[in-house]
J.: 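Pasting in a structure now, in structure tokens, and then I'll have a few things to ask.
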Number of protein chains: 2
Amino acid sequence: MSNKLEDIVDQLREKGNKITSIRRAVLEILIKETKPLAAGDIIALLKRYQLEPHKTTVYRELDFLIDKQLIREVVFDDGQIRYEKFEPGHFHHLICLSCKKVDKIELSDDLDKEEKTIERKMRFKVKRHSLEFYGVCSKCNKR
Amino acid sequence: MSNKLEDIVDQLREKGNKITSIRRAVLEILIKETKPLAAGDIIALLKRYQLEPHKTTVYRELDFLIDKQLIREVVFDDGQIRYEKFEPGHFHHLICLSCKKVDKIELSDDLDKEEKTIERKMRFKVKRHSLEFYGVCSKCNKR
DNA sequence: ACTAATAATGACATTTTTTCTCCTTTTTGT
DNA sequence: ACAAAAAGGAGAAAAAATGTCATTATTAGT
């Protein structure tokens, strides 16, 4: 699947979904943004598109995009639900406690060993995991 | 530091904190409970102690206990903030997506290697991390 | 045991995030 | 252009969390 906005839009339309200005803008925002955004962030960013949709609409749209597997939810330890574009591969986040910047990383061995150990020892079938690192980014470290 | 309620209570009192029925009960609930509890859960459980404190009080009490390092916050991917007793050592959670049971585990190598790699490659000083596994527990797997 | 100091609580309002319902508007295939 | 269906808007409200200020309870000191 392509990452480009118009390709995604076309695919949605082909499957019978309607493309509205809000849908297109929310998609564009989440495709361009590197860090996960809260619903409130998205509402704020939509003003740059001259759009001021009702919050109900935005939540509904985010649910829709999750359902279509175009985005996914992420939760950091402040408890706020954020949204980021769905990408194949498995990423974790580096969250700077100082400037709040969020970077993504993909771990090499990716906890496969740990998951297998858990499944064997605890008889717990791991479906997914979340792993986030909190610390201080290089810029903030210099100060 | 002891884990027993009365010892903790004595230590709090020695440091000039007052021991109220609510404080004692919240502590007792969180010491006895194995899984993290949301503020609402705690309010519900306090009724068993014939206590119906105002929610403000409960949130404030939880903040107090965090400040004293007796409990800590945990966030799972539903975004709700939960509280669990603070324990030395570093634990992760196994959260059953079916029955919602929560188990704790302590990983052997505990991501030390990954953290060092991140610090070297990304120049990001890792202060802490959160790692939770979502899946199906042994009981639910049998069904 | 009494009292003063102060920590803790309660009441109430408010903020923030999220969800629900019902009705209207927009998009799209024909 | 029109009809069907999807999407959006408005308002209320739930749920979680926070802030303020007056009142109550705990504790140390007498």
Side-chain angles (χ1 to χ4, degrees), chain A residues 6 8-30 36-47 49-68 70-83 100, chain B residues 6 8-29 36-47 49-68 70-83:
Chain A
E6 286 312 316
I8 292 174
V9 160
D10 287 347
Q11 283 159 20
L12 279 176
R13 203 170 355 228
E14 271 163 36
K15 286 173 195 152
N17 305 289
K18 296 177 178 174
I19 304 305
T20 62
S21 52
I22 292 171
R23 174 156 299 163
R24 179 178 257 112
V26 171
L27 265 173
E28 185 169 341
I29 286 168
L30 285 169
L37 297 173
D41 300 329
I42 292 165
I43 290 171
L45 288 170
L46 283 168
K47 288 188 182 162
Y49 294 75
Q50 270 76 43
L51 295 172
E52 303 205 28
H54 198 270
K55 54 189 163 18
T56 309
T57 304
V58 175
Y59 281 106
R60 208 167 14 201
E61 184 58 28
L62 291 168
D63 285 346
F64 171 87
L65 296 175
I66 288 170
D67 188 58
K68 300 302 174 215
L70 293 169
I71 65 173
R72 69 178 146 208
E73 291 185 350
V74 194
V75 178
F76 297 152
D77 66 0
D78 61 358
Q80 269 229 64
I81 297 172
R82 293 182 172 79
Y83 304 84
K100 309 300 174 196
Chain B
E6 288 310 318
I8 292 174
V9 160
D10 287 345
Q11 282 158 23
L12 278 176
R13 203 169 358 225
E14 272 162 37
K15 286 173 193 150
N17 306 288
K18 296 176 178 173
I19 305 305
T20 64
S21 52
I22 293 170
R23 174 157 299 160
R24 178 178 259 112
V26 171
L27 265 172
E28 185 169 339
I29 285 168
L37 297 172
D41 300 330
I42 292 166
I43 290 171
L45 288 170
L46 283 168
K47 288 188 182 161
Y49 293 76
Q50 270 76 44
L51 295 172
E52 303 205 27
H54 199 269
K55 56 183 164 16
T56 310
T57 304
V58 175
Y59 281 107
R60 209 166 14 200
E61 184 58 28
L62 292 168
D63 285 344
F64 171 88
L65 296 175
I66 288 170
D67 188 57
K68 300 302 174 214
L70 293 169
I71 65 174
R72 68 178 147 206
E73 290 185 349
V74 194
V75 178
F76 298 152
D77 67 0
D78 61 358
Q80 267 227 62
I81 297 173
R82 292 181 173 79
Y83 305 85

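Below, read A as the first sequence line, B as the second, and so on, with proteins coming before strands; counting in each chain starts at 1.
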J.: Closer to the 5' end of DNA chain D via nearest nucleotide, is it B/I81 or A/F64?
T.: A/F64
J.: Nearest-nucleotide wise, let me know which of B/G16 and B/T57 is further upstream toward the 5' end of DNA chain C.
T.: B/G16
J.: Mind checking B/R13 for me? I need base, sugar-phosphate or nothing, with any heavy atom below 4.0 Å counting as a touch.
T.: sugar-phosphate
J.: Tell me which of A/S21 and A/G79 sits closer to the 5' end of DNA chain C, going by the nucleotide each one is nearest to.
T.: A/G79
J.: Report the distance from atom CG of A/L62 to atom P of D/dA7, rounded to the nearest whole Å.
T.: 14 Å
J.: Please report the distance, rounded to the nearest Å, between CD in A/Q11 and P in C/dT28.
T.: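 Distance check: A/Q11 CD to C/dT28 P gives 15 Å.
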J.: Considering all heavy atoms of both residues, which atom of A/L51 and which atom of A/A25 are nearest to each other, and what is their separation?
T.: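 Shortest heavy-atom contact: CD1-CB, 3.6 Å.
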J.: Provide, to the nearest angstrom, the distance between the CG atom belonging to A/L51 and the C1' atom belonging to C/dT26.
T.: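 In whole Å, C/dT26 C1' lies 14 Å from A/L51 CG.
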J.: Measure from CD on B/Q80 to P on C/dT17 and round the result to the nearest Å.
T.: 15 Å
J.: Take atom CZ of A/R82 and atom C1' of C/dT18, then tell me their distance rounded to the nearest Å.
T.: 15 Å
J.: In whole Å, I'd like the distance from the CD atom of B/E52 to the C1' atom of C/dT9.
T.: 15 Å
J.: Report the distance from atom CG of B/L37 to atom C1' of D/dA17, rounded to the nearest whole Å.
T.: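 Going from B/L37 (CG) to D/dA17 (C1'), I get 17 Å.
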J.: Out of B/L65, B/L37, B/I66, which one pairs with B/Y83 under the side-chain contact (heavy atoms from CB on, under 4.5 Å) rule?
T.: B/I66
J.: Nearest of C/dT9, D/dA17, D/dG8 to any side-chain atom of A/I22?
T.: D/dG8
J.: Indicate the atoms forming the closest heavy-atom contact of B/K47 with B/E52, along with that distance.
T.: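 Closest pair (atom of B/K47, atom of B/E52, distance): CE-OE1, 3.8 Å.
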J.: Could you state the interatomic distance from CG (A/L46) to CD1 (A/I22), rounded to the nearest 0.5 Å?
T.: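 Rounded to the nearest 0.5 Å, the CG-CD1 separation comes out at 7.5 Å.
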J.: Can you tell me how far P of D/dA6 sits from CD of A/E14, to the nearest Å?
T.: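 Between P of D/dA6 and CD of A/E14: 17 Å.
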J.: State whether A/E61 and A/R24 are salt-bridged, where the test is any N-O pair (Lys NZ or Arg NE/NH1/NH2 against Asp/Glu carboxylate O) under 4.0 Å.
T.: no
J.: Taking donor-acceptor contacts at under 3.5 Å, does the side chain of B/R60 reach the base of D/dG19?
T.: no
J.: May I ask you to say what B/R23 touches in the nucleic acid, namely base, sugar-phosphate or nothing, with a heavy-atom cut-off under 4.0 Å?
T.: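 Since only primed, P, OP1 and OP2 atoms lie under 4.0 Å of B/R23, the category is sugar-phosphate.
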J.: What is the nucleic acid contact for A/A39, judged by heavy atoms within less than 4.0 Å: base, sugar-phosphate only, or nothing?
T.: sugar-phosphate
J.: At under 4.0 Å between heavy atoms, what does B/T20 touch on the DNA or RNA strands: base, sugar-phosphate, or nothing?
T.: sugar-phosphate
J.: Under 4.0 Å between a side-chain N or O of B/Y59 and OP1 or OP2 of D/dA17?
T.: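 For D/dA17, OP1 or OP2 has a side-chain N or O of B/Y59 closer than 4.0 Å.
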J.: Looking only at N and O atoms, is any donor in the side chain of B/K55 or the base of D/dA16 less than 3.5 Å from an acceptor on the other one?
T.: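 Looking at the base of D/dA16, it does not pair with any donor or acceptor on the side chain of B/K55 (distance under 3.5 Å).
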J.: Can you tell me whether the side chain of A/T56 and the base of D/dG11 have a donor-acceptor pair closer than 3.5 Å?
T.: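 Flag set: donor-acceptor pair detected.
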